[in-house]
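Following: one structure in structure tokens, then a few remarks.
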Amino acid sequence: MLDKMKLWKSTKEPDTLDDRIIECMKYQMPNHIAIIMDGNGRWANKRAMPRVAGHHEGMKAVRPITRLASRMGVQALTLYAFSTENWIRPKLEVDYLMKLPEEFLGTFLPELIEENVQVRMMGERSQIPAHTLKAVEKAVKATEQNNGMVLNFALNYGSRSEILNAVKSLAEQVQEGKLHAHEIDDAIFSSHLMTSHLNDPDLLIRTSGEIRLSNFMLWQLAYAEFWFTDVLWPDFSDAHLIEAIEGFQKRSRRYGGLKSEES
Ligand code: FPP
């Protein structure tokens, strides 16, 4: 880990941020961080640039956040890159968004392999353009032997449809006599979701000042700590991630029980 920190220091961040990172790592880190990367459009608008320029800048912000999360020992980072509702945006914007995974992975894949990151994707594949899926699947394959942080792209993802599909699949199993309805519990239900291979997120970050979930991981976020920030996603930096983790570490997580001093 020390080696990792030395590597990180070489990126010339101010010492104060290094100190905060080292301090954070002494405490319970969130195992799984989920991020709703919002505010790309407004970022571009403020600069009189086209919305797609904001998405491009947003894509660039993914790289340092992934690198820092991985180096701090986060086990999974899920990024909401495209929702099932985003198809109603102008075609030009949708087409552009669907090119970003290729561009991102085209340049960043060697570093992800080197960093021991495992690339995954969750979402409804059938509507995703072939060129986008190809780039993602190439990255998934190229990193499948890695055992470090999972970088999980939510692409054409919608939580309600994920939940409905789980319900349908469980109902079929019951109908076929493979499962009794009373046997269905949290673990069985979770195993039918697209995140069956991941623990639930402990920390949800949403940028840009919006305070809603937008059909994102509704089941999986049941006990997550929520961190909302006004920062627009393209401006979200290492310091903002550290601030969110520091906030997470200050909160007391009781999972519906009592604080230890109250029991
Ligand atoms: C929401 O901002 C953001 C999106 C719909 C797309 C998010 C995608 C990225 C940040 C890039 C993904 C990168 C990779 C590597 C796949 P918005 O456009 O709704 O912003 P606004 O609310 O300000 O209009």
Side-chain angles (χ1 to χ4, degrees), residues 33-70 76-113 115 117-125 127-140 142-143 149-159 204-217 228-238 240-241:
I33 301 178
I35 308 185
I36 302 177
M37 307 180 287
D38 198 6
N40 296 345
R42 274 162 285 169
W43 185 95
N45 210 19
K46 273 167 77 177
R47 290 160 180 80
M49 289 160 90
R51 289 179 57 80
V52 292
H55 293 313
H56 195 260
E57 228 29 54
M59 178 203 71
K60 281 162 58 186
V62 169
R63 187 175 185 163
I65 295 303
T66 301
R67 192 187 295 145
L68 180 57
S70 158
L77 177 66
T78 294
L79 302 177
Y80 206 4
F82 194 92
S83 78
T84 46
E85 288 74 35
N86 286 150
W87 295 105
I88 57 173
R89 293 188 178 209
K91 185 173 175 339
L92 186 140
E93 185 171 341
V94 169
D95 289 350
Y96 191 86
L97 282 167
M98 286 297 164
K99 282 191 189 130
L100 289 180
E102 276 163 283
E103 182 175 343
F104 175 81
L105 293 165
T107 48
F108 196 26
L109 184 57
E111 192 176 320
L112 291 171
I113 297 169
E115 289 273 334
V117 167
Q118 310 174 61
V119 176
R120 305 263 178 86
M121 192 215 108
M122 65 173 187
E124 184 48 62
R125 286 165 184 260
Q127 280 169 290
I128 300 176
H131 62 91
T132 315
L133 263 186
K134 196 174 158 201
V136 175
E137 277 165 3
K138 180 183 165 199
V140 170
T143 59
M149 188 181 82
V150 170
L151 174 60
N152 184 33
F153 287 108
L155 206 56
N156 195 24
Y157 172 84
S159 184
L204 168 82
I205 298 171
R206 182 170 188 152
T207 57
S208 89
E210 308 294 349
I211 304 182
R212 55 176 176 267
L213 284 179
S214 301
N215 202 15
F216 188 50
M217 301 183 94
F228 296 105
T229 171
D230 288 340
V231 174
L232 303 175
W233 174 253
D235 292 328
F236 194 82
S237 64
D238 286 0
H240 298 117
L241 179 65

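What you see is a predicted model, and the numbers here were worked out from it, not measured in a lab. Both backbone and side-chain heavy atoms feed into the values below; hydrogens, waters and symmetry mates do not. Remember, it's 1-based here, ligands and their atoms both numbered in the order they're listed.
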Pairs under 3.5 angstrom only: tabulate donor-acceptor contacts from the side chains of residues 229-236 to other protein residues two or more places apart or in another chain.
residue, atom, partner, partner atom, Å
Thr229, OG1, Val231, N, 3.1
Trp233, NE1, Gly58, O, 2.8
Asp235, OD1, Trp43, NE1, 3.0

**Sequence neighbours excluded, every pair satisfying salt bridge (Lys or Arg N to Asp or Glu O under 4.0 Å) that has a member inside residues 83-97** = Arg51-Glu93, Arg89-Glu93, Lys91-Asp95
**Message:** Below 30° counts as parallel, above 60° as perpendicular, anything between as tilted: where do the rings of Phe216 and Tyr80 land?
**Reply:**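 Phe216 and Tyr80: parallel rings.
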**NZ/NE/NH1/NH2 to OD/OE distance under 4.0 Å, Glu102 and Lys99** = no
**Request:** Just jot down the salt bridge (Lys or Arg N to Asp or Glu O under 4.0 Å) partners of Glu210, sequence neighbours excluded, or say none.
**Result:** Arg42, Arg212
**Request:** Identify, chain by chain and in numerical order, each protein residue with a heavy atom under 4.0 Å from an atom of ligand 1.
**Result:** Met37, Asp38, Gly39, Asn40, Gly41, Arg42, Arg51, His55, Gly58, Met59, Ala81, Asn86, Arg89, Leu97, Leu100, Pro101, Phe104, Phe153, Trp233
**Polar side-chain atom of Tyr96 near backbone of His55 as donor-acceptor pair, under 3.5 Å** =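 No; zero donor-acceptor contacts below 3.5 Å.
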